[in-house]
Amino acid sequence: MDNSQLIGLSRQMVLQRKMDVIANNLANINTSGYKADNLMFEEYVMPVARMNEFRSSDRELSYVHDDRIAHQFSAGSVIDTGNPVNAAFNDTDSFFTIQTPGGDRYTRNGEFDINAQGQLVTTDGYPVMGQDGPIIFTTEDTNVNITRDGQITSDRGDVGRFSVVTFADKQALKKEGRSLFAGENPTPVEQPNILGGRIEQSNVKGVVEISRMIEVTRSYASLAKSLSQTSELRQTAIDTLGKLSA
C-alpha cells in the first residue's frame, strides 16, 4: 500500500467516525438535556507508515487524524411539562448533580420523578442531589414548587435545594450514557436560574445533522472512487511493464 492509499484510508476512517457521531446525535434528538457532539480532526504528520523507495526519506506526509469530540453546549428549547418536579436551567453553564454507583455525575436533563422511596430521581433511577444530600419527599409534601434559586418547597415547608454546579472547562467533561457527564473540580453555583415544571430539550438540530450526514456520505463515496481509480491505474502500469521485453 503506497502513500496515497494510506492517506486516503486515514481520511475514510475519520469520515466513518464522524458518521457515527452524527448518527448518535440523531438517535438522541428527543433525549432531554442531550448536547450534540461534533468530531474535530487535524493534520497528522506520519513518521513511520510511508513508502520511501523512490522518494527522499525526509519527505513529510500529512494524514487525517480525529483529534477529539467537541460538545456543543448551546441551549435546547425549554418546554412546559406540567410536572412540578421537573426543572430546566435558564442558562448554558449550570448542571444538576446526580448520585450514581460510579460517583457524582452531572446533567442538564431535569426530567425528574419521585420513586417509591420518595427520592427525587432521574429517568434512569439515579438520586438527584441537594445541598444536604439526596432530595427526599414525604406523603405530606403536596403542591410542590421549585423556585428560581433551586429551592424546592411544598405545603409542608422546605424540602431541599438543588446542588447546582458549573465547570471552568466544559469541553473537559466526558459523556456517560445519554445525558450524564463526568467531570472534576465542579464549582457550586450560588445563584442558579432554574425554571420549575419545565425541561430542556435536546439541542440537536435535525436538518443540520441530516445535511452533515449527506456531506459525509458524498465525501466518503468520492474518496472511495478516487482510491479505486488510483488502484486501477497502478495495476494497469504494472501489467504494461510486465509485457515489456527486457
Side-chain angles (χ1 to χ4, degrees), residues 25 28-38 70-100 104-114 119-124 126-137 141-155 157-209:
N25 286 340
N28 287 281
I29 195 170
N30 293 318
T31 300
S32 299
Y34 179 83
K35 297 303 175 185
D37 293 325
N38 191 21
H71 309 306
Q72 300 175 9
F73 286 101
S74 59
S77 300
V78 175
I79 62 171
D80 191 338
T81 65
N83 187 336
V85 297
N86 286 170
F89 289 112
N90 194 26
D91 61 38
T92 58
D93 299 319
S94 301
F95 296 84
F96 296 107
T97 304
I98 309 299
Q99 186 182 66
T100 75
D104 285 348
R105 296 296 183 264
Y106 311 94
T107 187
R108 297 274 302 181
N109 184 358
E111 192 175 0
F112 304 137
D113 204 350
I114 302 173
Q119 285 186 322
L120 188 65
V121 296
T122 67
T123 53
D124 294 321
Y126 297 135
V128 180
M129 297 298 289
Q131 293 184 346
D132 298 318
I135 298 172
I136 301 176
F137 294 86
D141 289 313
T142 56
N143 294 323
V144 175
N145 180 62
I146 297 175
T147 63
R148 280 195 174 264
D149 62 356
Q151 185 71 43
I152 306 171
T153 63
S154 71
D155 287 343
D158 291 341
V159 178
R161 187 177 182 182
F162 286 112
S163 172
V164 180
V165 301
T166 188
F167 294 87
D169 182 11
K170 291 185 293 184
Q171 291 301 329
L173 296 175
K174 296 181 180 179
K175 275 191 176 180
E176 291 188 4
R178 295 180 299 172
S179 58
L180 290 179
F181 291 90
E184 298 180 354
N185 303 318
T187 302
V189 177
E190 299 298 334
Q191 294 294 328
N193 191 350
I194 297 177
L195 305 174
R198 298 179 176 91
I199 58 173
E200 179 186 359
Q201 296 183 302
S202 167
N203 68 351
V204 174
K205 294 179 174 58
V207 173
V208 174
E209 297 300 324

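Here the structure is a predicted model, which means the values were calculated and not measured.
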Quiz prompt | Minimum-distance pair of heavy atoms, taken over all atoms of V204 and A36 | solution = CG2-CB, 3.8 Å
Exercise. Quick one: list whatever passes side chain to side chain donor-acceptor pair (under 3.5 Å) with T123, sequence neighbours left out.
Key: none
Quiz prompt | Non-neighbouring partners of N30 that pass side chain to side chain contact (heavy atoms under 4.5 Å, CB included), sequence neighbours left out | solution = none
Practice problem: Go through the structure and list residues passing salt bridge (Lys or Arg N to Asp or Glu O under 4.0 Å) with K170, not counting sequence neighbours. | Solution: D93
Quiz item: Which residues pass the side chain to side chain contact (heavy atoms under 4.5 Å, CB included) test with A75, sequence neighbours left out?
Solution: T92, E200
Exercise. Could you tell me which residues satisfy ring pair (Phe, Tyr, Trp, His ring centres under 6.0 Å) with F137, sequence neighbours excluded, listed by chain and number?
Key: none
Self-check item: Residues in salt bridge (Lys or Arg N to Asp or Glu O under 4.0 Å) contact with D113, at least two apart in sequence or another chain
Solution: none
Quiz item: When you check the side-chain N and O atoms of T122 and D124, is any donor under 3.5 Å from an acceptor?
Solution: no
Quiz item: What are the two closest heavy atoms between P192 and G150, and how far apart are they?
Solution: CG-N, 4.4 Å
Quiz item: Who passes salt bridge (Lys or Arg N to Asp or Glu O under 4.0 Å) against R105, sequence neighbours left out?
Solution: E176
Quiz item: Pick one: which of T107, N25, N109 meets side chain to side chain donor-acceptor pair (under 3.5 Å) with Y34?
Solution: N25
Quiz item: Can you find a pair of side-chain heavy atoms, one from K175 and one from D37, that are under 4.5 Å apart?
Solution: yes
Quiz item: Under the side chain to side chain donor-acceptor pair (under 3.5 Å) rule, what pairs show up with a residue in residues 81-91, not counting sequence neighbours?
Solution: T81-N86, D91-S94, D91-R108
Practice problem: Inspect the surroundings of NZ in K205 and state if more than 12 heavy atoms from other residues, nucleotides or ligands are less than 6.0 Å away. | Solution: no
Self-check item: Heavy-atom pair with the smallest gap, counting every atom of N203 and K35
Solution: OD1-CA, 3.4 Å
Exercise. Nearest 0.5 Å please: distance from the CD atom of Q72 over to the CG atom of N38.
Key: 5.5 Å
Quiz item: When you look at CZ of R161, are more than 12 heavy atoms from neighbouring residues, nucleotides or ligands closer to it than 6.0 Å?
Solution: yes
Exercise. Give a yes or no on whether the backbone of G160 and the side-chain of Q151 come within a donor-acceptor separation of less than 3.5 Å.
Key: yes
Quiz prompt | Partner residues of Q171 under the side chain to side chain contact (heavy atoms under 4.5 Å, CB included) criterion, sequence neighbours left out | solution = R68, A70, H71, F73, D169
Quiz item: How long is the gap from CG on N145 to CD1 on I152, to the nearest 0.5 Å?
Solution: 10.0 Å
Quiz prompt | Considering all heavy atoms, the nearest G196-I146 contact | solution = CA-CB, 3.9 Å
Quiz prompt | Stepwise side chain to side chain contact (heavy atoms under 4.5 Å, CB included) check, L195 with R148 | solution = CA-CA 6 Å; L195 305 174; R148 280 195 174 264; 3.3 Å; yes
Quiz item: Nearest 0.5 Å, what's the CG-CE distance between L120 and M129?
Solution: 11.5 Å
Quiz item: Passes side chain to side chain contact (heavy atoms under 4.5 Å, CB included), D104 versus I98? Steps please.
Solution: CA-CA 6 Å; D104 285 348; I98 309 299; over 6 Å; no
Exercise. Kindly give the heavy-atom pair with the smallest separation between S179 and S32, and that separation in Å.
Key: CB-O, 3.9 Å
Quiz item: How would you list, by chain and number, every residue that makes a ring pair (Phe, Tyr, Trp, His ring centres under 6.0 Å) with F96, sequence neighbours excluded?
Solution: F89, F112, F162
Practice problem: Sort out for me which residue in F95, F181, F167 forms a ring-ring contact (aromatic ring centres under 6.0 Å, His included) with Y106. | Solution: F167
Practice problem: With sequence neighbours left out, write down each residue that passes side chain to side chain contact (heavy atoms under 4.5 Å, CB included) with D155, or none if nothing qualifies. | Solution: T142, N143
Quiz item: Would you say the side-chain atoms of N28 and S202 include a donor-acceptor pair closer than 3.5 Å?
Solution: no
Quiz item: Stepwise, does the side chain to side chain contact (heavy atoms under 4.5 Å, CB included) test hold for V159 with V144?
Solution: CA-CA 9 Å; V159 178; V144 175; 5.8 Å; no
Quiz item: What residues, two or more places apart in sequence or in another chain, satisfy salt bridge (Lys or Arg N to Asp or Glu O under 4.0 Å) together with E209?
Solution: R212
Practice problem: Could you pull out the closest heavy-atom pair between P188 and P186, with the gap in Å? | Solution: CD-O, 3.9 Å
Quiz item: What is the distance from atom CG of D158 to atom CG of D141, rounded to the nearest 0.5 Å?
Solution: 10.5 Å
